[in-house]
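Every chain is numbered from 1 and lettered A, B, ... according to where its sequence line falls, protein lines coming before strand lines. Please read all numbers here as calculations on a predicted model, not as lab measurements.
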There are 2 protein chains.
Amino acid sequence: MKACFPRGSATFVAACPPIARTGLRRSAVPMVERVLSLAPSLSRLPRVTLSGQVAGAMRDAVLSGLFRPGQQMNEADLATRFAVSRGPVREAMQRLVQEGLLVGHPHRGVFVVELTEADLADVYLAREAIEGAALRRIAALPDRAALRLRLAAEAERMAEAVAAENWREVADADLAFHRALVDAAASPRLSRMFDTVQAETRLCLHLLMAGYRSSAELAAEHRRLAALATGDDLAAAQAELGRHLADPIHILRRIGAPGSGASAP
Amino acid sequence: MKACFPRGSATFVAACPPIARTGLRRSAVPMVERVLSLAPSLSRLPRVTLSGQVAGAMRDAVLSGLFRPGQQMNEADLATRFAVSRGPVREAMQRLVQEGLLVGHPHRGVFVVELTEADLADVYLAREAIEGAALRRIAALPDRAALRLRLAAEAERMAEAVAAENWREVADADLAFHRALVDAAASPRLSRMFDTVQAETRLCLHLLMAGYRSSAELAAEHRRLAALATGDDLAAAQAELGRHLADPIHILRRIGAPGSGASAP
DNA sequence: CGCCTCCGGATTGTCAACAATCCTACGATC
DNA sequence: GATCGTAGGATTGTTGACAATCCGGAGGCG
């Protein structure tokens, strides 16, 4: 989905120096040298365009919190930063607007989205809708053994990260776990919709809590979820998922203000 | 959501003559004359840009079947048809790509999406996920009386259309019913996701069956759904919704080839 | 005969400049 | 003193031209 660009676009320009420009020119990297090295299967190679690279870089920049919420994204400024014309920047920004990371006001500019508490609750409502449907779909699969191993492995990865107190890794493992769950449903549209809300989730995490805290329960929850998702009791799995996704809302409502720590599935 | 453009963008250029151009120039319609007449509330006025108008026109054109599935959308050609430059056309096409109506292949062009039978099943899977979540959400609402009236009215509208064998009107009523259901959940993300799958639904309808047939059961189903959705038995509502949305898949699987008639919720 | 190479046309991607729009602040008027 | 009207500056929207890419077929070679 999402045209034919790779889903997890790599970081091309993480931090953008104001004047000095990093790579990202087609003259420097001839288009002919495709990214042959990391093509996983023998399907269509992902043609790379400047727009796509700029979109990826900007997505990473926004998700990493390099731009504050509500901040305006200046076209000309970004264009000079990336050493690119305004065209690709415009296209990239529009893509991120459609993904929900930016909001665009015609004739005024695009801004980093400001997610309210209501938005956070809505994000998790949408996630429950998507992941719940994925659970239902998974329950109808003939072979769930491979998925069980996969989810268990992700849960272990998270447990180790929690033990090592590597919160960045915890967040990644969390995202990977839920993505694996949704992708297992083999529904392009569920996966596509999940892409959007997962990006918003990352935005919430970074903007509202800036990391993971008090995550003792997290790994255990994911272990349970891995078992239930590939088990035979669909209702129990749904209930566990509901509890799991309701958690951050409760926590957020309890702590109220941002800055303090919180766990987030 | 979706920036601040109106959701159901009106038809600006329904059929586009090859050379002679209809309106759609900013010189012809001074930007100052905003669409004050049909602004429902006193919120932000929707700024109109060429890109947005072109996107609306192209969306209508694709959904109305003016472009065959798989057909390439030529930028220059469309630009001359709309009497605009290629820039706005590019932006509009990218927007429709994100909406799932077109697919883009970098350096090759964008094409009208070709929905397979698997895609149709996937669309209805996604719809069940979204509308099921909406049902759950509605069940938690304090006051469902207004919604009950609204849904019942839509169901009646459909019943009359079925009686009159006005299949175009039946389709519109169907879309309106399900949109009202989802919007009642008051979840921006559910509504946003529903926008996309509903557009794909319309595409399916037009491309696979080109109209409604054998819809005797349709109105009754929607009446039941209206009652159950605003009733107290959530499980029953979910079950009815599942049956309702599974219908077209069964029918399509039975008839196999397109062209023959089918009902579609 | 099949395959590879190369070329031409068509199409898309990108660029830099122009025009329209918006926001802010300043001054005039009541 | 407050409100309205109006320039100024900055930003976005749009345009037309240039460059890169892809697809088709003609031609040569094994």
Side-chain angles (χ1 to χ4, degrees), chain A residues 3-5 21 23-35 44-57 70-97 102-112, chain B residues 3-5 21 23-35 44-57 70-97 102-112:
Chain A
C4 50
F5 298 108
R21 72 283 299 270
L24 193 79
R25 290 307 298 260
R26 68 174 176 289
S27 56
V29 180
M31 197 70 68
V32 182
E33 298 180 18
R34 301 274 163 58
V35 277
R44 295 193 73 89
L45 290 175
R47 268 75 160 183
V48 61
T49 66
L50 270 189
S51 313
Q53 299 183 48
V54 171
Q71 179 179 346
Q72 180 167 10
M73 309 290 280
N74 190 308
E75 284 185 6
D77 185 26
L78 286 169
T80 56
R81 268 176 158 67
F82 286 120
V84 180
S85 179
R86 274 177 50 213
V89 173
R90 272 182 78 80
E91 283 195 25
M93 290 203 302
Q94 198 194 350
R95 221 177 282 184
L96 298 192
V97 166
L102 307 177
V103 289
H105 298 254
H107 292 291
R108 300 212 313 127
V110 303
F111 306 79
V112 180
Chain B
C4 49
F5 298 107
R21 73 282 299 270
L24 193 78
R25 289 310 298 257
R26 64 177 176 290
S27 55
V29 181
M31 197 70 67
V32 183
E33 298 179 18
R34 299 275 163 59
V35 275
R44 295 193 73 89
L45 292 174
R47 268 74 160 183
V48 62
T49 66
L50 270 190
S51 313
Q53 300 183 49
V54 171
Q71 178 179 348
Q72 180 167 10
M73 310 290 280
N74 190 308
E75 285 184 4
D77 185 27
L78 286 170
T80 56
R81 269 176 157 68
F82 286 120
V84 293
S85 180
R86 274 178 49 213
V89 174
R90 275 180 75 80
E91 283 196 26
M93 290 204 300
Q94 197 194 348
R95 219 177 284 185
L96 298 192
V97 166
L102 306 177
V103 289
H105 299 254
H107 292 291
R108 299 212 313 125
V110 303
F111 306 80
V112 179

Quick check on dA10(D): is either OP1 or OP2 less than 4.0 Å from any side-chain nitrogen or oxygen of N74(A)? no
For G109(B), which contact category applies under a 4.0 Å heavy-atom criterion: base, sugar-phosphate, or nothing? sugar-phosphate
D77(A) to T80(A) - nearest heavy-atom pair and separation: O-OG1, 2.6 Å
For M73(B), which contact category applies under a 4.0 Å heavy-atom criterion: base, sugar-phosphate, or nothing? sugar-phosphate
Whole Å only: how far is the NE2 atom of H105(A) from the C1' atom of dT12(D)? 14 Å
Please determine if a side-chain N or O atom of S51(B) lies less than 4.0 Å away from the OP1 or OP2 oxygen of dT14(D). yes
In whole angstroms, the gap separating C1' of dT14(D) from CD of E75(B) amounts to 15 Å
Atom-pair distance (CG on L50(A); P on dA19(D)), nearest Å: 16 Å
Rounded to 10°, the helix from dC1(C)-dG30(D) to dC30(C)-dG1(D) deviates from straight, judged by its five-pair end axes, by 10°
Indicate whether OP1 or OP2 belonging to dT12(C) is found under 4.0 Å from a side-chain N or O atom of Q72(B). yes
Nearest whole angstrom, please: distance from the C1' of dT24(C) to the CZ of R108(A). 13 Å
Rounded to whole Å, please give me the gap between CD in Q94(B) and P in dG13(C). 10 Å
Side-chain touch L96(B)/M73(B), heavy atoms, less than 4.5 angstrom: no
Rounded to the nearest angstrom, tell me the gap between atom NE2 in H107(B) and atom P in dC22(D). 6 Å
Let's test your reading of the model: under 3.5 Å, does the base of dG13(D) pair with the side chain of R86(A) as donor and acceptor? yes
Considering non-hydrogen atoms only, spot the tightest contact between V110(A) and G104(A) and give its length. CG1-CA, 3.8 Å
Rounded to the nearest 0.5 Å, what separation is found between the CG atom of L78(B) and the CZ atom of R90(B)? 12.5 Å
Would you mind reading off the distance between F111(B) atom CZ and dT12(C) atom P, rounded to a whole angstrom? 8 Å
State whether the side chain of Q94(B) and the backbone N or O of E91(A) hold a donor-acceptor pair below 3.5 Å, judged by distance alone. yes
In short, A57(A) meets F82(A) closest at the heavy-atom pair CB-CE2, 3.7 Å
Q72(A) side chain vs R108(A) backbone, donor-acceptor pair below 3.5 Å: yes
Rounded off to whole Å, could you give me the CZ-to-P distance for the R90(B) and dT15(D) pair? 14 Å
